[in-house]
Amino acid sequence: MDWMLLLEWVIKSFVLSLILLGGFAYLTWFERKVLARFQVRIGPNRAGPYALLQPIADAVKLIFKEEFTPARAEKILFFLAPIVTVVPALVVAAVVPWGPDIQIGSYTLRLYIADISVGVLYITAITSIAVYGITLAGWSSNNKYALMGGLRSSAQMVSYELALGFCFVIAILMSGSMRPIDIVDAQRNGWFFLIQPAGAFVFLIATLAEVNRAPFDMPEAEQELAAGFHSEYSGMKFALFFMAEYTKMITISSIAVTLFFGGYLGPFVDQLPFLGPIYMLAKIVALLFFMVWVRATLPRIRYDRLMAFGWKVLLPLTLALVLITAVGILLAQEVNPNLIWITPVISAFAGFFAIGLVDRSLRRKAYAAR
Amino acid sequence: MTQLQAVSYDEIKHLVSNRAMEGETMLLNMGPQHPSTHGVLRLLLELDGEIVISCIPDVGFLHTGIEKNMEAKTYQKAEVMTDRLDYLNTVGNNLVYSLAVEKLVGLDVPARAQSLRVILAELQRIASHLVWLGTSALDVAAMSTFLYCFREREMVMDILELVSGQRMMTTYIRPGGVWRDVPVEFEAAVRNFLKVMPGRIDEYEALLTKNPLFIDRTVGIGKISGEDALAWGLTGASLRGSGVAHDYRKFAPYSGYEQYDFAIPTQTGGDVYSRYQVRIQEMREALKIIEQALNKLPMGPVRSNNYKFVPPPRSEIGTSMEALIHHFKLWTEGFSPEKGSVYTAIESPRGELGIYLESDGSPKPYRVHVRTPSFDNLQVLPVLAKGSFVADLVAIIGSVDIVLGDVDR
């Protein structure tokens, strides 16, 4: 029955891709609407009820736009870069479990595409590929602004990958497995967000940097670099970059939910398995809302500060959090299971300590400037 | 397809370092079409990585020949050109031009007109600072502040429309007074603005003043000392941010500013953050001035009755032969001041805004020169930008607060 399995994979991949691409389109709508609410505007309201057809209108417009390739651009790489950016964003979603197994007659429907025993490693590996797309786009378009955007993004992603990786380690330590499904299962007694709040928070910050969202949207800083790495792109190629960014927002939110916010778990999910995807979706939307909220509120951090923050604050902090988690787990195993609750206390303390240090250094800077 | 031509470095050789010639540093054109040059300013940057080694402003992309145009118009008609100078400070431009003409011909201005001028000029100052705050916050990507600022600016625009029928190009302040008296709704509208605005300024401050990211982006960036600022001819908030309390409203009061109680906010940092704080404080002081002026707004005429220079009211034209003659003379030939020249300056939202008028005894000015604060403040940009990051450069341009229509007049 190998071909049945193959068919199932193909169908599930197809459905997931459709969900992600449709989700991407409506995420742009969501962001524009929410951002407009934050900014005392109305937002799009012309195309259809609540402008629900706006993403379609955008897509049609972008498809029919002229695709311009600048003179002296590196043609092949210029063509390839958007693809290299968009594919990892889609592929990474394969290992995220969307719900518990659903029994339909004798057939078991599994709500994930691939069950990889080192799923977390797969996620880190694939997300790192996306940086190539941005760097190559910046380099190949023969534009100084784009080049600077590409350089910024490679530096930024490399430095935030580490903090992100250590946050993965925290989740792996607590669940004792690298399989995303096991990680979700391990959160039945309490989301890892509760046990390791600082870790979850650092993870959220690092994801913002990883998907180039404000306040870490260095590579495309429109005020400085005039859209950065994709300034020379137009038409569908530009749409692909857009697609990559928003799809990555969705997938990275789903990963964050899986690792720290209990995945598809929620009340009655064991009795009614179809609730799983709904809980998952609700949690993802909440995280996406958080991303939009941050964008509406915060100014952009400066490039060198971003690097300093990544290397000098987030990296030591995540290292400390890994240590705290490990000690907490050891104590819980060896002495008393209730001792696991030492972990959130100490890690929250470490988090506040880090915030305090940053605040103090900024204050000192403000005083020194006086 | 057009052929790309090799760029000759010879023209700019004296402006950049030798390392640029050897290709070690990168030359980058920033503008004239760039989202954060606040108009059509072109900056030629020499970059070492992301650090600015030299910054060469190139102006003139918005040159409209306003000064020359004014010389071809009679004194009344030239005034509409001043609106177009600094399009964020139209009332102030009208004010300084009217003051110059009044000084040239020796016109008195009634007390009510004086107070109205002050109220409107201060409202315009707030509106201008709001645009500045919004755009310079947008430069550091604090996107929402921009829209909040424009929400309040709209209130000022509505008041300007109420009194003059125009949102921007008001030409409301005229030599000898103002165009006509304000409508009855004016006081309520201004009072409403006075009631709403302090809370809104608190909102902006809540978003920015103690925001660690904003502090990080602005403190210690684009520093200039008080002496340097004076030496470079900086005026306005850029000068007061460096600790020099120079303000024309105190230094050489005009339009009755001496009767109002207000402070000149200064900061000693001399950086982007200090300029931000100064402008925020200035908005609060402007509100104080408006309130005082509104509270003791006298009744009476709003235009001088010297019909040699000020057109008589329409109602008199039908009944008075003399008024009709004055009206005809003024709108066909204009008035002819005596030979001489004047220079008048006011404190515009951007600094010292001065107008120099030279009369040769004809109905048209012989020479008009505008000392615009944006132009003089812009020249300090290379000094401020040296050694900063590209991202900081954007914040610095924002903090100097230039209006390109003002630079290129």
Side-chain angles (χ1 to χ4, degrees), chain A residues 35-42 69-72 142-145 147-149 151-152 155 213-218 220-228 231 292-309 355 358-370, chain B residues 1-4 26-31 33-37 45 47 49-51 135-148 150-152 207-208 210-221 223 267-274 388-395 397-398:
Chain A
L35 212 51
R37 285 286 159 208
F38 275 115
Q39 298 173 340
V40 290
R41 295 184 286 127
I42 297 167
T69 310
R72 297 191 188 175
N142 186 28
N143 176 320
K144 288 169 183 172
Y145 287 108
L147 178 65
M148 278 160 79
L151 287 177
R152 280 179 173 197
R213 289 286 302 177
F216 302 115
D217 50 350
M218 280 319 99
E220 51 199 289
E222 64 175 24
Q223 281 81 14
E224 301 139 33
L225 299 184
S231 18
V292 178
W293 184 11
V294 167
R295 180 176 172 200
T297 315
L298 292 180
R300 183 181 301 119
I301 189 169
R302 206 175 68 194
Y303 169 62
D304 61 319
R305 295 277 157 188
L306 170 92
M307 303 292 286
F309 185 65
I355 293 172
V358 172
D359 189 52
R360 210 176 122 223
S361 78
L362 277 175
R363 264 172 217 284
R364 199 183 293 155
K365 192 187 160 204
Y367 279 122
R370 296 293 128 204
Chain B
M1 219 166 102
T2 49
Q3 283 292 308
L4 293 174
M26 179 165 81
L27 289 180
L28 181 71
N29 263 315
M30 193 165 166
Q33 288 90 20
H34 188 281
S36 16
T37 50
L45 303 179
L47 298 179
E50 287 223 15
I51 295 171
T135 50
S136 60
L138 192 63
D139 284 341
V140 293
M143 185 181 173
S144 302
T145 319
F146 175 74
L147 289 136
Y148 300 147
F150 269 63
R151 174 183 60 187
E152 273 75 69
L207 275 170
L208 294 176
K210 284 188 178 161
N211 186 329
L213 290 181
F214 185 72
I215 290 177
D216 198 37
R217 285 299 301 272
T218 52
V219 170
I221 308 295
K223 276 190 85 126
Q267 291 288 331
T268 50
D271 52 11
V272 177
Y273 191 65
S274 301
S388 65
F389 284 80
V390 179
D392 291 339
L393 176 66
V394 171
I397 299 173

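For the numbers below, each heavy atom of this structure counts, side chains included, while hydrogens, waters and symmetry mates do not. Just so we're on the same page: letters track the sequence lines, and every chain starts at 1. Just so we're clear, the structure is a prediction, and the values are computed from it rather than from any experiment.
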Heavy-atom proximity to chain A below 4.5 Å, by part of B/Phe389: side chain
For residues B/Leu207 and A/Thr297, report the shortest heavy-atom separation together with the two atoms involved. CD2-CG2, 4.3 Å
Spatial distance of atom CG (B/Asp216) from atom CZ (A/Arg300) [nearest 0.5 Å]: 13.5 Å
Can you sort out the partners of A/Arg37 under salt bridge (charged side-chain N to carboxylate O under 4.0 Å, His left out), two or more places apart, ordered by chain and number? none
So, do B/Leu47 and A/Lys144 sit near enough that their side-chain heavy atoms are less than 4.5 Å apart? no
Look up atom CD1 in A/Ile301 and atom CZ in B/Arg217, then write down how far apart they are to the nearest 0.5 Å. 9.0 Å
Given heavy-atom pairs under 4.5 angstrom as the criterion, report whether the side chain, backbone, both or neither of B/Leu393 touches chain A. neither
Do side-chain atoms of B/Ser144 reach the backbone of A/Ala296 as a donor and acceptor pair under 3.5 angstrom? yes
State which residues pass ring pair (Phe, Tyr, Trp, His ring centres under 6.0 Å) with B/Phe146; sequence neighbours excluded, sorted by chain then number. B/Phe150
Could you tell me which portion of A/Leu35 (side chain, backbone, both or neither) has an atom closer than 4.5 angstrom to a non-hydrogen atom of chain B? side chain
Which atom names give the shortest non-hydrogen contact between B/Leu28 and A/Tyr145, and what distance separates them? CD2-CE2, 3.9 Å
